[in-house]
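A note on names: the letters A, B, ... follow the listed sequences, proteins ahead of strands, and every chain is numbered from 1. As the structure is a prediction and not an experimental result, all values here were calculated from the model.
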2 protein chains.
Amino acid sequence: MPAEEPAPTQSRYRWLADELRRTIELGAIVDNDALPSERDLAEQYEVSRDTVRKAVRYLEERGVLYSDHGRGTFVAPALVRNMSRFLDSFSHDTSARGGVAGQKILLVEPAAASLAMAGLLGVQPGRALIRIKRIRSIDAHPVGLHDAYVVARPELHIDRAALERTGSLYKLLREGFGVLPAEAVENLSAAAADAEDAKLLQVPSGSPLLVCERVTLSERREPIEYCQMKYLPSYRYSTRLSRHGFES
Amino acid sequence: MPAEEPAPTQSRYRWLADELRRTIELGAIVDNDALPSERDLAEQYEVSRDTVRKAVRYLEERGVLYSDHGRGTFVAPALVRNMSRFLDSFSHDTSARGGVAGQKILLVEPAAASLAMAGLLGVQPGRALIRIKRIRSIDAHPVGLHDAYVVARPELHIDRAALERTGSLYKLLREGFGVLPAEAVENLSAAAADAEDAKLLQVPSGSPLLVCERVTLSERREPIEYCQMKYLPSYRYSTRLSRHGFES
DNA sequence: TAGTGGTCTAGACCACTCG
DNA sequence: GAGTGGTCTAGACCACTAG
């Protein structure tokens, strides 16, 4: 029996997924325990089996559940649960970890796309960009440098004041201009801090840094920005991988 | 009209997905072009619309397609296409990039789980493990160190000879013992090479390294191994992020 | 053999986008 | 308003797992 009816704005499977997640977080079903069968859940929550399957799949994608053909559907161990690693801004990601995100804006200026950057972003070389360079901090401690190149658009008016106000470039793009990041490609490696990095992050030159390059695309897969991020060793980047088939 | 019937062993939606991917790779539909509507595809390929939707979703998960409510289904730009980033072994990943994976086995020996490792793996402290330390190389150039701790099982007989023969720990676990990695959690950061790292990788002590820690789980979410990987700056770790909802 | 998840179908209606 | 993807249903059968 449904504990509560789904809000009219929400789909039934999302509502069911939330119900199931709540049940799990309450500790009613523990790690690696089986859920009731899909047919039972369908009856209990008064939805079709297909709707149950959608809810289960939704939670599988988020690492909350996993299903085994012929055996059942189970609660994923806490280690992987909620390791969603979807698209996220530094600010949002940091507060999700219980920290306070900060920034010191070093630079907001027009720039032109270099050959390399144009290729990555899929725009013409020389295309107008807006460069934004910032020191990012968590709980007032500097942890990294962000060097972003946003593809300029006529309606886009990014200035230091607006950025300072919102504290998050993504939030500014979304709320100010309706630009919504939908997908991103990232490339991680290690590098030594150069003289400038060292000075800004207050570490010796040559110190190890985690370098993350990112290209962000809009819902229509138009390029939004290229960003190079350099982090101190204390910064940790977490992710979850699934098999999802037999690609081996 | 279907070009060819699906093999009896394969599901129809996987077959359709392969057909669509082939069509795209042939260049018949270019980046950001729209596919025929789901209803049209269902008619063309003589399947139900639901089967079309499953095929499309399958390719969306792999970064090949994306759909927009009310607009259509489109081919993802080449930048994100085929950036699947599912669970993969070093060997497989390397050959997918066109390189030849190599290894030099430094150590295969029994070990006991430390407190920290026991917590990560979800086993008792002191639990029997098998430690495997290797230098990994691409095209005969050393690129990283792998230090793996495999959870020992009675049926599991890992020795240097077997590992040398297969060249891949995952392949050995899969083909030798039917242990299939299903999910993994990774944690990346930067670190300086210590004296031992430096010697093994032939770089100065203090050089920047990309450190990747990974816990791998089986299909039943039993712990398989903990592995710490350290890579030179030339090694690149690529990933793709999606929004998948409104978690911002 | 009974029970589970996986696939497939046909049809209905809703929500969104765009000319 | 016409066309698109998104949700939901009810029922059938297959493939796998376990006692």
Distances under 3.5 Å between protein N/O atoms and the N/O atoms of nucleotides 6-8 of chain D, please, pair by pair.
from: dG6(D); atom 1: OP2; to: R53(B); atom 2: NH1; distance (Å): 2.8
from: dG6(D); atom 1: OP2; to: R53(B); atom 2: NH2; distance (Å): 3.4
from: dG6(D); atom 1: N7; to: R49(B); atom 2: NH2; distance (Å): 2.7
from: dG6(D); atom 1: O6; to: R49(B); atom 2: NH1; distance (Å): 3.0
from: dT7(D); atom 1: OP1; to: Y13(A); atom 2: OH; distance (Å): 3.1
from: dC8(D); atom 1: OP1; to: R12(A); atom 2: N; distance (Å): 2.2
from: dC8(D); atom 1: OP2; to: Y13(A); atom 2: N; distance (Å): 3.2

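Partner of L41(B) under the side chain to side chain contact (heavy atoms under 4.5 Å, CB included) criterion, chosen from V47(B), L35(B), T51(B): L35(B). In summary, of the residues considered (V150(B), I158(B), L156(B)), a side chain to side chain contact (heavy atoms under 4.5 Å, CB included) with L172(B) occurs for I158(B) alone.
In this pair, Y13(B) and Y58(B) present their aromatic rings perpendicular. The plane angle is above 60°, beyond the 30 to 60° band.
Residue L41(B) contributes atom CG, which lies 10 Å from atom P of dT4(D) at whole-angstrom precision.
Pairs of Watson-Crick or G-U wobble type, with distances under 3.5 Å, assemble into runs of 3 or more in DNA chain D at these ranges: C:1-18 with D:1-18.
Ion pairing of D31(B) with R221(A) is absent here, as no side-chain N (NZ or NE/NH1/NH2) approaches a carboxylate O to less than 4.0 Å. Between D93(A) and R97(A) there is a salt bridge, since a side-chain N of the basic residue sits under 4.0 Å from a carboxylate O of the acidic one. At a threshold of 4.0 Å, the pair E61(B)-R57(A) counts as salt-bridged, since one of the basic side-chain nitrogens sits closer than that to a carboxylate oxygen. Between E186(A) and R240(B), no side-chain nitrogen of the basic residue sits less than 4.0 Å from a carboxylate oxygen of the acidic one, so the salt-bridge criterion is not met.
Under the side-chain hydrogen bond (donor to acceptor under 3.5 Å, both in side chains) criterion, E175(A) pairs with no residue, sequence neighbours left out.
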